[in-house]
2 protein chains.
Amino acid sequence: MDPMAQSVPQRPRVGRPPRISREEVLAAARRVVEEGGVGSLTMRRLAAEVGSTPMALYHHVKDKEELLLLLLDDYAAGLARPALPEDPRERLVTAALAMHDALAGCAWVVEVLVADDLMSDAGLWYAENIVDAAVACGLTPERAVHAYRSIWYYTAGEIIIRAAGRRRAADDRPTHRERVFADLDEETLPRLASIGGRWATLTAQDTYRQGLEALVEGLLP
Amino acid sequence: MDPMAQSVPQRPRVGRPPRISREEVLAAARRVVEEGGVGSLTMRRLAAEVGSTPMALYHHVKDKEELLLLLLDDYAAGLARPALPEDPRERLVTAALAMHDALAGCAWVVEVLVADDLMSDAGLWYAENIVDAAVACGLTPERAVHAYRSIWYYTAGEIIIRAAGRRRAADDRPTHRERVFADLDEETLPRLASIGGRWATLTAQDTYRQGLEALVEGLLP
DNA sequence: CCGGTTTTTTATACATGTATAAAAATTAGC
DNA sequence: GCTAATTTTTATACATGTATAAAAAACCGG
């Protein structure tokens, strides 16, 4: 019982020895997602992949949500961290853009975002840089955190809403929206009516950066 | 076959007569949600409520997602529409706040947001007023739509992320986050480390309005 | 070697959304 | 009235996440 003994590799010498490990499960999950997309990642498929049974997985991850979170973690860990400009304001914007790009590059990220919020390990790098840049811009630490939070809401919202839009576009049922926008009441909704068909085009445009810069503009003193 | 006949009540005189209607299904869904929360709304339970079978529902709503969207619609239709200030900028902020409050008042709204985006009927009132106010503030219609869009991302993001946070707080497993924030590396993440325990407090605060005003500040000329 | 303890794995079961196909109930044409 | 067409309802089935409880496989003290 030497307290200075290596604490991690000190395996528990009791109980039935595990046939699979969390790492194996994660590695298998990566494989499955890589080749079949996140839609093909089911607990049963994953169990088959590691040569075990579905319920055995639950001894290594709490549930599927945690599994996805862990996948996202190591996706984020593998990302290049761009060099950030000196100027604090530019640094802030650049870091936020990098965060956004990271999320946008991972199609299934939405499923995790609605469940948890990326404040784990790899994701912290973005938070660190954004908060730090905000402080460098003259905000108090408290307001810098609030600023980060606002940027996070905006960013996560953009990712999620746009993903929803893409999903909607995928199955090509003529959307409720199109019908609604087709016959807008000019009396009660004159502005939208005057925009009419351009709405789809306009909202399809990528204005993340524009909005981000506006937000930053308003947040900084 | 008079083409000028009432087009809507002209019921189709052919085929097996329906035993349930979309309106009945919706009314039943409202009852179920009202008394048991959205979690208790299952297709089977709903079928039982209308005295039918699960699959019969699918002739009146496309799927559960559409059902929720319809529920949200008439929730929104029932909301009071606040009087808006004259000053366009205040009007913009007030309308956005009203939109946010509307969403925040509906706990299960998140499930719909991630699937579709509230651009249906009742939700349009907010869009109309926000876009119109933005134009009144001097934006072109195009930029006004973009501005609305940014506000929408920010708002939806706030609602979704905060809901996730609340859900996480509900089941009291000591979150990954707490553990992560407990031992931050002061070398690589000095700023977050210096904030440390205050992070939870700070991010728990409601800063929606603050962020909104910053965003509006930056969006308007 | 044996019974107890601990850990991991397995088996079984359930609730859910919904696909598919059959059945039922009506009208239209003859 | 009979057959075909049309619409709605029902029955059955499947994949999914995961709860629960039993089983298996290793350790320990005797």
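Throughout, a chain's letter reflects where its sequence line sits, starting with A, and its residues are numbered from 1.
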Check: With no hydrogens and no angle check, do the side chains of B:Tyr208 and B:Arg162 hold a donor and an acceptor under 3.5 Å apart?
Finding: no

Next item on the list: Find the distance B:Arg44:CZ to C:dG17:P and express it as a whole number of Å.
Entry: 7 Å

Item checked: Nucleotide of C:dT20, C:dT10, C:dG17 approaching A:Met55 most closely (side-chain heavy atoms) -> C:dT10

Check: Which of the following nucleotides, D:dT8, D:dT18, D:dT7, is nearest to the side chain of B:Val14?
Finding: D:dT7

Next item on the list: Remember a base hit wins even if backbone is also touched, and classify B:Arg19 as base, sugar-phosphate or nothing at under 4.0 Å, heavy atoms.
Entry: sugar-phosphate

Check: Which nucleotide in the set D:dA25, D:dT18, D:dA11 lies at the smallest distance from any side-chain heavy atom of A:Pro17?
Finding: D:dA25

Notebook entry, point to check: What integer distance in Å separates A:Glu65:CD from D:dT18:C1'?
Noted result: 13 Å

Margin query: OP1 or OP2 of D:dT9 versus the side-chain N and O atoms of B:His60: is any pair under 4.0 Å?
Written below: yes

Next item on the list: For B:Leu41 and C:dT18, give me the distance from atom CG to atom P, rounded to whole Å.
Entry: 11 Å

Check: At under 4.0 Å between heavy atoms, what does A:Leu67 touch on the DNA or RNA strands: base, sugar-phosphate, or nothing?
Finding: nothing

Check: A:Lys64 NZ to D:dT18 P: how many Å, rounded?
Finding: 8 Å

Check: So, is A:Ser52 near the phosphate of C:dT10, with a side-chain N or O under 4.0 Å from OP1 or OP2?
Finding: yes

Margin query: Can you measure B:Glu24 atom CD to D:dT9 atom C1' for me and round it to whole angstrom units?
Written below: 14 Å

Next item on the list: Figure out the CZ/P separation between A:Arg16 and C:dT5, and round it to whole Å.
Entry: 20 Å

Check: Quick check, are the ring centers of B:Tyr148 and B:Tyr126 under 6.0 angstrom apart?
Finding: no

Next item on the list: Whole angstrom is fine here: how far is it from NE2 in B:His59 over to C1' in C:dT20?
Entry: 12 Å

Next item on the list: Please determine, for the side chain of A:Pro18, which listed nucleotide (C:dT9, D:dA11, D:dT8) has the closest atom?
Entry: C:dT9

Check: Whole Å only: how far is the CG atom of B:Leu46 from the P atom of C:dA15?
Finding: 18 Å

Next item on the list: Tell me, with the steps shown, if A:Arg198 and B:Glu142 meet salt bridge (charged side-chain N to carboxylate O under 4.0 Å, His left out).
Entry: CA-CA 9 Å; A:Arg198 276 178 299 161; B:Glu142 286 76 17; 2.5 Å; yes

Next item on the list: Would you sort out whether B:Arg45 and B:Glu35 count as a salt bridge (charged side-chain N to carboxylate O under 4.0 Å, His left out), showing the intermediate values?
Entry: CA-CA 13 Å; B:Arg45 169 106 173 66; B:Glu35 75 169 47; 3.3 Å; yes

Check: Per the side-chain contact (heavy atoms from CB on, under 4.5 Å) rule, which among A:Thr155, A:Asn129, A:Thr94 passes with A:Met99?
Finding: A:Thr155

